[in-house]
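Residue numbers start at 1 and run along the sequence shown. When a ligand or atom number is given, it counts from 1 through the structure's own listing order.
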Amino acid sequence: MATLLQINSSLSGDNGHSTSLSNQFVKRWQEHNPDGKVIVRDLARHPIPHLDAERLHAFITPENKRSATQQEIVAYSDQLIAELRRADVVVFGVPMYNFGVPSTLKAYFDHIARSGETFKYTSSGPEGLLEDRPVYIFAARGGIYQGTEADSQTGYLNTFLAFLGLTNTRFIYAEGLNMGDDNQKKALDAAQETITELAAA
Ligand SMILES: Cc1cc2nc3c(=O)[nH]c(=O)nc-3n(C[C@H](O)[C@H](O)[C@H](O)COP(=O)(O)O)c2cc1C
């Protein structure tokens, strides 16, 4: 049974365009995978704590030396990593907030990037330890940045995910959403068309 992990981060919940587009994709995926399991992680409703000194220290303390609190912190991160490892397909809903990814998504990333678990350094550089799998990223933006230096998200997300071993990424953009109704409609229609194509593939 295939499992899809959907990670949303819009502050607007299901009304967020990134969530709405990723929901449409997930619905299509379910039609093709009637026995498939969907796990939804809503980072806006259930934020992951910021990576602070206490949490980082817990991660780097050897297992047999961890206090009870440190064990809890690591167990929480382990659970997020296990959830990701189990997923055959991963879907991210990613709004652009202040020229970056939502801070909740960054906090999630800070909990799944763990040396020895999801990446390791070798003499020839870093090596991702996650098995590769399809990752779909629904990027919603008020303005238009795709292919320009101001697109701070695409390069970052590709670099981060590849660092963990996830290189099979596909971006579906909805841009210019705050640039008038016509632009918004065009962008959403185009994204929906891509979703239909992806579902048929
Ligand atoms: C706090 C905040 C910051 C934003 N910053 C940007 C930005 O830097 N660039 C941009 O193009 N749009 C920006 N927007 C617009 C959002 O990207 C746009 O509304 C998008 O639809 C958000 O995704 P969502 O609908 O999934 O929540 C911002 C919106 C909010 C609420």
Side-chain angles (χ1 to χ4, degrees), residues 3-31 36-52 80 83-84 87 89-113 133-164 166 168-199:
T3 301
L4 181 150
L5 173 62
Q6 182 183 9
I7 300 171
N8 297 325
S9 52
S10 171
L11 293 171
S12 304
D14 281 341
N15 293 324
H17 295 296
S18 58
T19 310
S20 158
L21 291 169
S22 60
N23 281 343
Q24 288 173 44
F25 175 83
V26 171
K27 199 165 160 247
R28 296 282 184 148
W29 183 85
Q30 282 178 304
E31 284 163 14
K37 188 175 167 192
V38 174
I39 294 169
V40 181
R41 184 165 280 283
D42 185 334
L43 298 174
R45 284 183 73 184
H46 305 288
I48 309 282
H50 273 128
L51 180 63
D52 57 13
L80 295 174
E83 181 182 74
L84 180 57
V89 179
V90 185
V91 174
F92 286 100
V94 185
M96 181 178 277
Y97 291 150
N98 299 317
F99 297 95
V101 300
S103 55
T104 51
L105 184 58
K106 178 63 167 64
Y108 172 77
F109 286 163
D110 287 340
H111 278 73
I112 59 166
R133 69 208 73 195
V135 178
Y136 296 91
I137 297 165
F138 292 87
R141 294 134 178 221
I144 298 178
Y145 311 100
Q146 201 188 323
T148 75
E149 277 187 9
D151 181 354
S152 56
Q153 295 182 317
T154 306
Y156 166 68
L157 289 167
N158 272 330
T159 302
F160 176 77
L161 294 169
F163 183 67
L164 306 186
L166 304 176
N168 186 3
T169 51
R170 171 76 198 251
F171 284 77
I172 300 93
Y173 298 93
E175 295 196 295
L177 296 176
N178 293 356
M179 292 170 61
D181 291 347
D182 280 358
N183 277 319
Q184 182 178 105
K185 187 175 177 319
K186 263 190 220 153
L188 294 175
D189 285 352
Q192 274 153 19
E193 218 170 280
T194 308
I195 291 170
T196 307
E197 280 164 24
L198 289 172

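Every protein residue with a heavy atom nearer than 4.0 Å to ligand 1 is included here: S10, G16, H17, S18, P95, M96, Y97, N98, F99, A140, R141, G142, G143, Y145, L177, N178.
Side chains of S22 and Q6: a donor-acceptor N/O pair is present below 3.5 angstrom, by distance only. Of the N and O atoms on the side chains of T154 and Y145, not one donor lies less than 3.5 Å from an acceptor on the other residue.
Residues passing the ring-ring contact (aromatic ring centres under 6.0 Å, His included) test with F160 are F109, sequence neighbours excluded. Checked against side chain to side chain donor-acceptor pair (under 3.5 Å), E83 has the following partners two or more places apart in sequence or in another chain: R41.
Judged purely by atom type and a 3.5 angstrom limit, N8 has no side-chain atom pairing as donor or acceptor with the backbone of S10.
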Would you list the atom pairs, donor with acceptor, under 3.5 Å between side chains in residues 89-108 and any protein atom, with sequence neighbours excluded?
from : atom 1 : to   : atom 2 : distance (Å)
Y97  : OH     : L11  : N      : 2.9
K106 : NZ     : D110 : OD1    : 2.9
K106 : NZ     : D110 : OD2    : 3.2

